[in-house]
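Before any comments, here is the structure.
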Amino acid sequence: MPTPLKVAVIGAGVCGLVAARELEREAHEVVVLEKSHRLGGVWVYDPRTESDLLGIDPDREIIHATIYKSLRTNSPRQIMGYSDYMLGGKVYGDPRMFPGHQEFLSYLEDFADTFGVTKLIRFNSEVTGVELLDFGNEFVVDWKTNGMSLTEVFDSVVVCNGHNSQPRAALDTQIDHVFKDGTVKFQDEVLIKADTIIHCTGYEFHFPFLKTNGIVTIDDKCVSPTYGSVFPPQLAPRLSFVGLFYKGMTFLPAELQSKWIARVLSGKISLPSETEMLHEVEQVYQEMKVKGIPKSESHSLNFKMDYIDWLSDQLKIARPPQKFRDFYAHFIERYRKDNEGFQEKFEDDLLLCDEIVAE
């Protein structure tokens with residue numbers, strides 16, 4: 001039987017919590033490093049704002065204030081949550097089908113307590129460095145807590161720090177310069193006068209602590225190379241990512257990625273060779289190029305089930321049932337057609353979620 005590994009999980013949000021649970025289920029020794037004083041990641045509401053709203057200053061205090069006070073989920077509670085601990089049927093004070101963020105944070109705290117994940121978390125621990133030891137398979141992890149700098153060696157590191165902290169400013173995606181009087185100069189030399197500039201450009205992947213000597217790079221929202229958007233082939237399986245995906249479901253792919261990582265580390269599942277993985281990654285990039293798909297879409301699920309099916313196949317488990325697939329397709333179709341008032345307008349229509357969960 002393979003020897004259990006000592007694994008560092010960076011982040012205690014949606015992805016970090018399920019990664020920690022799956023790793024512990026495989027008998028690994030798990031330490032979750034969370035820079036905040038509580039779990040939940042982006043779902044922890046913070047009314048503060050950063051001093052540098054564009055995220056240009058590397059020394060700024062990063063505040064995960066990416067949710068607003070009145071935010072509600074844009075998915076119904078019946079299809080939110082981890083497969084064996086769904087949010088549907090649980091109420092923490094807000095029984096609405098599309099609850100507010102506090103309801104969902106309470107669910108995450110409940111999940112972590114129920115599965116013994118909370119005790120694995122070291123709060124107020126901001127990771128500042130992750131680097132592979134010379135001539136070895138271990139990682140040196142540096143972090144700071146309560147004014148102290150600490151170092152520890154781990155067999156494996158799972159990066160789950162999310163991607164909603166580093167703003168993707170348009171100063172790079174079209175704008176050449178913004179002058180103090182409000183004049184905006186674009187790269188094509190066009191000048192306009194603006195009273196306010198609102199950046200609706202999203203966020204970048206940001207791993208300032210990760211030191212891989214250029215093995216892993218980030219370019220236009222593409223973390224490369226990553227086999228299955230999880231394993232960098234040259235560092236697999238000791239380094240992995242959970243949650244690089246977007247434009248699709250969150251819980252199911254995060255849970256499947258976590259199971260995949262945990263079982264690979266325990267020796268129950270084998271990865272292809274480094275050469276084979278690199279070749280497959282390159283093939284994906286070439287196919288995207290031929291189809292005219294930009295690099296920024298490398299980790300996009302495009303609101304489809306294809307990636308979830310692929311992960312299920314890696315785990316040799318059943319793919320999601322057809323009824324669930326039909327509902328998801330229906331949900332996405334409705335979601336794309338409507339914007340404001342989506343939750344209220346389709347609340348009755350989405351009651352069929354209850355049937356899916358009940359089966």
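Under the 4.0 Å criterion applied to side-chain N and carboxylate O atoms, Lys185 and Glu189 are assigned as salt-bridge partners. Taking the charged nitrogens against the carboxylate oxygens, Arg96 and Asp94 do have a contact shorter than 4.0 Å, which makes a salt bridge. Between Arg325 and Asp309, at least one side-chain N (NZ, or NE/NH1/NH2) sits under 4.0 Å from a carboxylate O, which counts as a salt bridge. The pair Glu24-Arg21 does not count as a salt bridge, with every side-chain nitrogen at least 4.0 angstrom from each carboxylate oxygen. Salt-bridge formation is detected for the pair Glu109/Arg38: a Lys NZ or Arg NE/NH1/NH2 atom is positioned less than 4.0 Å from an Asp or Glu carboxylate oxygen.
Evaluated for a ring-ring contact (aromatic ring centres under 6.0 Å, His included) with His101, the options Tyr92, Tyr107, Tyr45 yield exactly one hit, Tyr45. Partner Phe251 forms a ring-ring contact (aromatic ring centres under 6.0 Å, His included) with one of Phe104, Tyr85, Phe111 and no other, that one being Phe104.
Using modelled atom types, one finds no donor on one side chain facing an acceptor on the other under 3.5 Å when comparing Glu255 with Ser258. With no hydrogens or angles considered, no side-chain donor-acceptor pair links Tyr307 and Ser229 at under 3.5 Å. No hydrogens or angles considered: a donor-acceptor pair under 3.5 Å links the side chains of Glu282 and Gln286. Glu26 and Ser266 are linked by a side-chain donor-acceptor pair at a separation below 3.5 angstrom, with hydrogens and angles left out of the test. Checking Thr114 against Asp110 by side-chain atom types alone, a donor-acceptor pair falls below 3.5 Å. With no hydrogens or angles considered, a side-chain donor-acceptor pair links Thr151 and Asp142 at under 3.5 Å. Side-chain atoms of Thr145 and Glu126 include no donor-acceptor pair closer than 3.5 Å.
In Lys90, the NZ atom is crowded: over 12 heavy atoms of neighbouring residues, nucleotides or ligands sit closer than 6.0 Å. Atom CG of Asp181 sits in a crowded spot, with more than 12 heavy atoms from other residues, nucleotides or ligands closer than 6.0 Å.
Phe154 carries Lys6 over the face of its six-membered ring, with the cationic atom under 6.0 Å from the centre and within 45° of the normal.
The cluster map of Ile, Leu, Val, Met, Phe, Trp and Tyr, joined by side-chain heavy atoms under 4.5 Å apart, puts Val31 and Leu239 in the same cluster. Taking hydrophobic clusters as Ile, Leu, Val, Met, Phe, Trp and Tyr residues chained together by side-chain heavy-atom distances below 4.5 Å, Val216 does not share a cluster with Val140.
In this structure, Pro272 and Tyr227 have side chains that are in contact, with non-hydrogen atoms separated by less than 4.5 Å. Proximity of Leu108 to Tyr82: side-chain heavy atoms (C-beta onward) are separated by under 4.5 Å at one or more points. Using a 4.5 Å heavy-atom threshold, the side chains of Val32 and Arg122 count as separate. Inter-residue side-chain proximity for Leu301 and Met249 is flagged as unmet; no heavy-atom pair is nearer than 4.5 Å.
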- prompt: Can you list the steps and then say if Lys221 with Glu297 is a salt bridge (charged side-chain N to carboxylate O under 4.0 Å, His left out)?
  reply: CA-CA 7 Å; Lys221 296 192 74 173; Glu297 293 290 304; over 6 Å; no

query: How far apart are the C-alpha atoms of Lys295 and Asp219, what are their side-chain angles, what is the distance that settles it, and do they pass the salt bridge (charged side-chain N to carboxylate O under 4.0 Å, His left out) test?
result: CA-CA 8 Å; Lys295 185 178 290 186; Asp219 182 20; 3.0 Å; yes

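Interatomic distance, Cys160 SG to Leu33 CG, rounded to the nearest 0.5 Å: 11.0 Å.
Ring pair Trp260/Phe231 is perpendicular by interplanar angle, where above 60° counts as perpendicular and below 30° as parallel. Ring pair Phe209/Phe207 is perpendicular by interplanar angle, where above 60° counts as perpendicular and below 30° as parallel.
In this structure, the salt bridge (Lys or Arg N to Asp or Glu O under 4.0 Å) partners of Asp313, at least two apart in sequence or on a different chain, are Arg319.
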